[in-house]
Every structure is written in C-alpha cells, then in structure tokens.
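Keep in mind the model is a prediction, meaning the values are calculated, not measured.
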Amino acid sequence: MTEQSDTDAGGASEQAPKTDPAHTYPHSWVVDVLASDGGAVALRPIVPEDADKLVEFHGKLSERTRYLRYFGPYPTMSARDVKNFTTVDHHNRVAFVMMLGDEIIAVGRYERLLDVGDGKSAEVAFVVADAHQGRGLGPILLEYLAAAAAENGLTMFVAEVLSENRNMVTVFREAGYQVSRSFDGGVLRLEFAIDPTEALVSVRNSRERAAEARSMGNVLSPRSVAVIGASADPAKVGNAVLTNLLRGGFTGPVYPVNAEHRSVHGVRAYPTVRDIPDDVDLAVVAVPAESINSVLDDCLDKGVKALVVVSSGFSESGPDGRSSERKLVHAARAHGMRLIGPNALGVANNDPAISLNATLAPVLPVAGNVGFFCQSGALGIAILDEAARSRIGLSAFVSAGNRADVSGNDLLQYWDSDQSTEVVLLYLESFGNPRKFSRIARRVARKKPIVAVKSGRHAVPPVLAATGVEIDDSIVRALFEQAGVIQVGSISQLFDCALLFGYQPLPAGPRLAVIGNSTALGVLAADAARSEGLQVSDPVDLGAQASPELFATAVRDALASFDVDAVIAVFVPPVAIPVEPFAKALKDAVAGSDKPILTTFLAAEGVPDVLAVRDEVGNPTRGSVPSYPGPERAALALARAWRYAEWRSKPASKVVRPAGIDSERAQKMVADWLENSSGRWLSDVEAAALLECYGVAVVEFRSVLSEDEAVEAANAVGYPVAVKATGEMWRHRPDLGGVRLDLSGPESVRLAYRDLAAASGEPLLHVQKMATKGIGCVVGVQDDPSFGSLISFGLAGVISDLLGDRAYRVLPLTEDAATELIDAPKAAPLLSGYRNAVPVNKGALVDLVQRISALADDIPEVRELACEPVLASATGAEITDSRVRIGPEPSAIDLGPRRLR
C-alpha cells in the first residue's frame, strides 16, 4: 500500500440535523476493515453516545491536523458542536467513526447540499488521529461514505481543502476518482462523481490485496512471538507450541507467558503480555476458551498484530461455543488484530530468515516453494506428515482451524506476491466468500498454480437441483474451472500435483511419450494418460536388460523430439540389479530440460532422493524429478498440468455488458415492488417487464379471464397461438396437459380456453403467440448461501432434470464463461447439430446468458430467476415463460465497499 498521508479533508459545513436523528442505519454499515498495515479497524456510524469519545479524539489532534481540517485553530469543541457532530439522520447527514478498542481514531462525514443543484451532491470531510495517519484510513472512510451516499440517492461529492493540503488532493485522486478542481483564495474545491467506475473498483481491489497480504505477513513473518499459556507440562498444547518454536530455530525472541512460573523450558516467562519489555508481533494463545477474553486487552496494549488461537472449545463444540467464537472474532478485530483459528494447528514459515514453527506439529516438511493452507486443524498433523513423506518442500503452512477470521482468500492474497511461494495448495472444507475467492484465484492462477481439494461434499441444499445429489460437486467444479484452480479429489492427488508443479515445467501441449523397461507398466501409463485426454503414441519398451545409459538416452531423445511435450518414464528393477544407477542416469539426462519428466520406479524406496536436485542447504528444488508409486497417478497429475497450462495460455476474459440495457429503470421497478414487501414472486407481466429492461423479450402474451378475452388476445398477438394454464402445478409439466399449441383460429382458442379453465379450476389463462420451434433449454439464477448468485444452463426435459444435467457458473460471467456455460452440459452436442440436425444459434444463447448475468449482477434483490423453456433454433432463442423471485439484498456478496467477512 502506497497511500499518501490521509490526515484530513476540511470544509464540510456543520449544520443542525434536518431530519429525525433517530433514523436508523443499515446493519451493513457496521463492519471491520483492514488498514494498509494489515491491522483490523472497526467502522460504524456515529451515535450520540460517542460524545465523550469524540471530545477525547479531538483533544488529541495536533494543532496542525486541526488547522487543516477546520481551517483554523479550533482547540476545543463546544457542547453544541459535539451534539451536532454526533447527532445525524443517517440520510442527509452521515458520519462514520473508526474504532480501535474503545477509542475513536478517525471520523468521516458527508452532508447533503440541499440548496445546490438537484440535491444529489454532498460535502465530504474526514480527519484521522495523528498516531494513525499513513495507515490508509482516509480512503476507507471515503469508500464507505460514498457507498452510503449512493444508497441515499447521492451522485456527487464536494470537498474543500486548504490549497497547502496537497496530500489530501492525492488521497482523492489515488482513490480512483476523476477529480475536478477550482480555487477560491487559499481554498481548493474538489468535485467528483461517486459512481463505482472500473478504475475505482481496480483501486479498491489493489488496496484490499495489499492490506490483506500485509496482514498475513504480520502472521507469517513476525519479529517476535509470545506463547500465552506456555507450559512445561508435556500434556498441554502450550508446551507443544513453545517446544516447536524453540526447536524450529525461530530467528526472533520467544516470550513464554505463564503467571505461575518465572521460566519455561529455561526461557524467562512473564505473567502477562503487558509485562514483556519488548515489542510482540504475534501471540500464540493456548489457554482455555473461557480465559481468552482476559488476554485480549493485554495484547491490544502491547500492540500485538495477530493471534493464533490453538485452543479448542468453540464452534466445533456446539451453540455455546459458536457464540463464544463470534465474540472472540469481534473482540480480536476491535483490538486491531487478525485471528488464526480458533482450534487451529498453527502457522509455519520455512524461510531460513524466519524459521517459524508455531504449530502443534513436531516436524515440518523441508523448505520449498509450496504454500499450503489447511482448514482442518484435526487433520493438519496427518497432512503435514503426508507432505513430508511425499518430499514436498513447503514455503509456509497455515492451519485456520474453525476459520473464524482468516480464510484461504487472505492467504491467496499473501502468496500472490510472496517470492518464495511458486505453488499454492488448499485443503478446503467450506468457502468464506466464494465470489471473492473466484476473483482472487483467477488473478493468482495466472502466474502460480493453485491446487485444491474440497471436502464436505454435498453440503449445498438440494433445492439447487432436481436430484440434490451431485449439485455441490458441480458448483465447486464450475467455480474452480472459472478461476483456473486445479481441483483434485484427495490429499494424495494434491501432493501428486505439487510434486509436478513444484519441481517441473508445465507441458506445452498434450503429446506424451512413455518409455520404460516393462510392457505392462508402459501400457498402464499410456491407458491412464489417454483416459485423461493426453495424446500418447505406443509406449517404448527398452526391455528388462536395458542399461542405465540406454534408459537415459531413450528419455533424452524423447525430450528432444518436436512431437513430444512430456515424458513419463516407468521402470521395474530387474532382480538383483540396483536401481540407483538408473535413477541417477535419468536425472543427469533430463537436467535443464524445458519439458516435464515424471517417473514411476516400482519397489524402489530410495529413488526420490536420488532424483532430487538440492539447493545449498540440501532441500529439493527446481529440476528434481518426481517419482510416483504408480503410472496412473503420474498420468493424472500430468493431465491436470496440461489443462492448467492450456487455461493459463488463453488471454484473460472480461465481463461483456451487452447493449440495450436500462439498469436504472429495472432497479427502480424492483425497489417499488419491494417497498411494502419482504419479498415475493413477481407476476408473469412484472417478470417480463423486468427482463425487457435487459433486452430479454418473453414471447408476447396476454392474460385472459374469459373465452371472449382469449379470442381478443389471440387476434392481438397474431395466430397461431398457444393457450396455457397459469397455476404453479401446471408450469413446465407437459404430462399434465396444461397447454394447447398451434391454435389457428377463434373457435380452437375458445375450445382450448374452456378445456383448460375446467381442468385447472382457474379462469386466468395466458394466450401467447407461438414461438419458433426449437430445442428447449433452461436458463436460471439461484441465490445460494454458500456461493452467492449462480447462473445455470441446461436442456429442458424430464431426462435432463432426472440426471441433473445442468452447468453452473459464478456471476458475473466473463465472455469465455458465457460460451463455456452453453457448451458445458452433457447434452450440449444436441445444440450443435447432433446426428445431422440443424444447429441452433448458440450466439443467441450466449447473448441471453450474458444479459441474465448482467441483470442478476446489477440487482442482487433478484434471488431466483428461471427462463423455461427457452426455445433455441437456427434463427435465435425465444423465451416462452419466466419466473422471478425478489427479496432483500443478501449481505454476503463481494461487491464493495471492501470489508472483512
């Protein structure tokens, strides 16, 4: 973060409240945010009860800061001013405070200029405590004030600053706003629109990335560590953490905190963190859950930047534990700290300059270039042991336990810029913010492979699919595919990929050569590779009597071939012949190759060590040749590497916003519909009107209540027509006979109306112009509590429903994702002219899903949408029915302003 000084912005006039001061504010205005130094800060609207805190805050400001903010000395605040500043209506006058503990550290406010222009402008000002200037708090306040102003119908901010206050001008500009300036004497007047432009969103994302990376740097690169609850009792976790820190050779000081002993393991101990004479960056907390709150104030006073809580007894223990966990997170953030855990295994950094092992695991894998985030504390030790056996070298390891605060998203932000990490491994049980995960992972995966295993399958509610069986896997797979994440099914597959990505180059293509001394093993490797989509010529069998030199030469020749992108070498040691010479000859032959080489040496325990290329301290490094227990695992890892390389070679796709969209009209319509409602299904006419705002036309129809109205409607829309029952049970159920098609005259319309009105028991029917016949498709949007808004596509019909043949993507859709969505269902070949059928206009379907994506992205109050059926033909795509459900906007979305989840 390279923010300029964000000391203040002055000049907002302080008038009396113009509306009811008891006007409530949205719950979303109470948030935790990250400063540019990675520290947490609480942000919320000001309230009258803040009067004393505001006076104290003002009294601590330097004369210079007060002068720049108020254009004069202003040494003390009068009682009238205090009341005026703390009593706002949260509409025309909005003010936010930033809190650290119980202390105000920054204040920002805007006031609507009711007498200027159209009343959609406001004057904005903020001031930051001297001790907290330079932490990027000003831009955060500005971001939240702009968001609140937009919610209240404002479009423009005005700020007046002294011309000598150049730093503040820079703050506004670097926040991403297009600022216009004018001078009046010694005062500079700034004006800027608060619309979230692409440049503004980019700046916010960059600020978020830098702050979150810095916060993780505070965790993984501390200069000093305190162990709260350190113990000499081998049965206690406080003993394990302290022992591992000392044995691991942490390069900074370690401070045991134990109120009953003066030293632990020969290291001087302190009764509390406050008593430690030097600074403390990281505190590992190993005290019982009920005792943790008592240490937070100590950590705040000491300036601790982050907590790692290895203690259990929180959300994993039941409702009471969940409540305690929520309180712990709130308290930690209010005290300015990030939290790993609780119930975490701990954190480790293998950088020799740090050598941090603040975990419960006695032995870590060797140092390497792989960063590993593990959500499970319980499985952490077993996973680390497996990593060590697989000879995976780790740069850093984080076990988040219950993931109450820090999640995989935070670590992705850190590893994105961490020079020592080239590969990222994720073991996930759930997503904190899937939409944010997709955004971050898509960026990181462009330069570093991300390999993830997702446990907790089938956790998404079955309502998302007809079967409710495979939907969770489908959504996770779609999320990972969009983001370029390599999904694997097990821990062993995770490490299989890490061996390849960590030590070997990516394949430039799918062409594979298999070379070995066993026909059976070669055939197994070739068959496994072909089943994964790789192109394999016949395996080369050198015979059981092949020498190390012949084996190495064959591999070298294959790598030199222009027709080969990768090599898998398989070897079965002949009886009574040592295998090490073969492994060494192979390693020497492939040294410096820009093509990946993978091996399987059956029944050869010491081969991986022989194939390793080591750095100056003996750790395996780039150029090491991975060896797998079987050729199938090698082929699977290589196929995943090729698919990833193919994804990365494609230019990054952007979100395309089709022409002819009237989002302002659509948003106003939805706001009107929700004005006196907590949510409802729209009528068919309302749904069609909403879709029309996005250039999506439902085939013309009329609602009728009698035979005469039906005939009149048919004449209006034009023959031939369809007459349809409108009751919920009749929709999309052709087996119930709720529709009459291809009606060409008044008498057939009358007869159809009489039949359907009698059968359905409802006089309200629809008369609709017949659409062009085509293949029935389904386009839908579903708001999911875990993944946010999802768009789905599939072919209509009972069989597709039964098989759950639907493709899913996370919103918003990029141009490539829209095309991939149409091609993803298993039945999609029917759209391309299967068995000599006429292909449909797939471009029309792509345009349709892009428009639906834009609608759902613009209007988060759309909680569910279904266009079914969409009749796709060679001439286009026509919608014959649509359903839309609206409700209050969900809060767990990744739109902005940025916040900690």
Correct closest heavy-atom pair for Pro510 and Trp642 would be CB-NE1, 3.5 Å
Check: Asn357 side chain, Leu364 main-chain N or O, donor-acceptor pair, under 3.5 Å
no
Among Val514, Ile515, Leu521, Thr519, whose side-chain contact (heavy atoms from CB on, under 4.5 Å) with Asp541 holds?
Thr519
Looking at Arg643, I'd like to know if its CZ atom is crowded, meaning that more than 12 non-hydrogen atoms belonging to other residues, nucleotides or ligands lie closer than 6.0 Å.
yes
Report, as yes or no, whether the 6.0 Å neighbourhood of atom NZ on Lys584 holds more than 12 heavy atoms from other residues, nucleotides or ligands.
no
Side-chain donor or acceptor of Gln482 paired with backbone N/O of Val810 under 3.5 Å:
yes
Ring geometry between Phe571 and Phe551 (parallel below 30°, tilted from 30 to 60°, perpendicular above 60°)
tilted
Do the charged groups of Asp410 and Arg338 touch, with an N to O distance under 4.0 Å?
yes
Within a reach of under 6.0 Å around CD of Glu815, are more than 12 heavy atoms found that belong to other residues, nucleotides or ligands?
no
Is any side-chain heavy atom of Asp416 closer than 4.5 Å to a side-chain heavy atom of Lys448?
no
Quick one: does any side-chain atom of Asn350 pair with a main-chain N or O of Pro365 as donor and acceptor, under 3.5 Å?
yes
Calculate, to the nearest 0.5 Å, the distance between atoms CE and OG belonging to Met216 and Ser221 respectively.
11.0 Å
Hey, does the side chain of Arg530 reach the backbone of Val536 with a donor-acceptor pair shorter than 3.5 angstrom?
yes
Looking only at heavy atoms, what is the nearest atom pair of Ser399 and Ala344, with distance?
O-CB, 3.1 Å
Closest heavy-atom pair, Ser627 versus Leu499, reported as atoms and distance to 0.1 Å, is O-CD1, 4.5 Å
Does any non-hydrogen side-chain atom of Arg809 lie less than 4.5 Å from one of Glu481?
yes
From Thr621, Asp609, Asn619, residue fulfilling side-chain contact (heavy atoms from CB on, under 4.5 Å) relative to Arg614
Asp609
Mind running side-chain contact (heavy atoms from CB on, under 4.5 Å) on Ser420 and Asp351 for me, showing each step along the way?
CA-CA 8 Å; Ser420 61; Asp351 183 345; 5.6 Å; no
Would you say the side chain of Arg439 lies within less than 4.5 Å of the side chain of Asn205, judging by non-hydrogen atoms?
yes
Is it the case that Ser792 and Arg806 place a side-chain donor and acceptor less than 3.5 Å from each other?
no
Whether the side chain of Tyr628 engages the backbone of Asp496 through a donor-acceptor N/O pair (distance < 3.5 Å, no angle test) should be reported.
yes
Pair Val444-Ile450, side-chain contact (heavy atoms from CB on, under 4.5 Å): steps then yes or no:
CA-CA 8 Å; Val444 177; Ile450 303 172; 3.9 Å; yes
Start with the C-alpha distance between Asn218 and Arg214, add both sets of side-chain angles, then the distance that settles side-chain contact (heavy atoms from CB on, under 4.5 Å), and finish with yes or no.
CA-CA 6 Å; Asn218 294 339; Arg214 182 69 179 272; 4.1 Å; yes
Leu512 vs Asp565 side-chain heavy atoms within contact, under 4.5 Å
no
Looking at the rings of Phe582 and Phe601, which for Trp means the six-membered one, are their centres under 6.0 Å apart?
no
Just checking, any donor-acceptor pair under 3.5 angstrom between side chains of Lys842 and Ser832?
yes
Atom CG of Leu524 and atom OG of Ser518: how far apart are they, to the nearest 0.5 Å?
8.0 Å
Just by distance, do the side chain of Arg648 and the backbone of Lys447 share a donor-acceptor pair under 3.5 Å?
yes
Look up atom CG in Leu426 and atom CG in Leu411, then write down how far apart they are to the nearest 0.5 Å.
8.0 Å
Under 3.5 Å donor-acceptor, Thr599 side chain and Pro626 backbone
yes
Closest heavy-atom pair, Ala483 versus Ser438, reported as atoms and distance to 0.1 Å, is CB-O, 4.0 Å
Examine distances only and state if a side-chain atom of Asn239 and a backbone atom of Thr243 form a donor-acceptor pair shorter than 3.5 Å.
no
Count the heavy atoms of every other residue, nucleotide or ligand shown that sit under 6.0 Å from CZ of Arg247, and state whether that count exceeds 12.
no
Scanning both residues in full, the closest heavy-atom pair of Val655 with Pro812 reads CG2-CG, 3.9 Å
Do the side chains of Ile383 and Phe495 get nearer than 4.5 Å, heavy atoms only?
yes
With rounding to the nearest 0.5 angstrom, report the CZ to CZ distance, Phe437 to Phe480.
4.5 Å
Please determine whether side-chain contact (heavy atoms from CB on, under 4.5 Å) holds for the pair Arg633 and Ser492, giving the CA-CA distance in whole Å, both sets of side-chain angles, and the decisive distance to 0.1 Å.
CA-CA 9 Å; Arg633 289 173 61 172; Ser492 60; 3.7 Å; yes
Side chains of Phe793 and Ile822: does their closest heavy-atom pair fall under 4.5 Å?
yes
Is Ser395 reaching over with its side chain to a backbone N or O of Val370, donor-acceptor style, under 3.5 angstrom?
yes
Inter-residue atom distance Arg446.CZ - Ser649.OG, 0.5 Å rounding:
8.0 Å
Nearest 0.5 Å please: distance from the NZ atom of Lys454 over to the CD atom of Gln487.
9.0 Å
Taking the side chain as everything from C-beta on, heavy atoms only, tell me whether Leu384 gets closer than 4.5 Å to Leu345.
yes
If I compare all heavy atoms of Gly794 with all of Pro825, which pair ends up nearest, and what's the gap?
CA-CG, 4.1 Å
From the list Thr251, Asn349, Asn244, Val219, side-chain contact (heavy atoms from CB on, under 4.5 Å) partner of Leu356 resolves to Asn349
Which of Val555, Leu611, Leu638, Ile568 passes side-chain contact (heavy atoms from CB on, under 4.5 Å) with Ile597? It is Val555
Quick one: does Tyr503's side chain get under 4.5 Å of Val613's, heavy atoms only?
no
Measure from the side-chain N and O atoms of Ser390 to the backbone N and O of Ala387, and report whether any donor-acceptor pair falls under 3.5 Å.
no
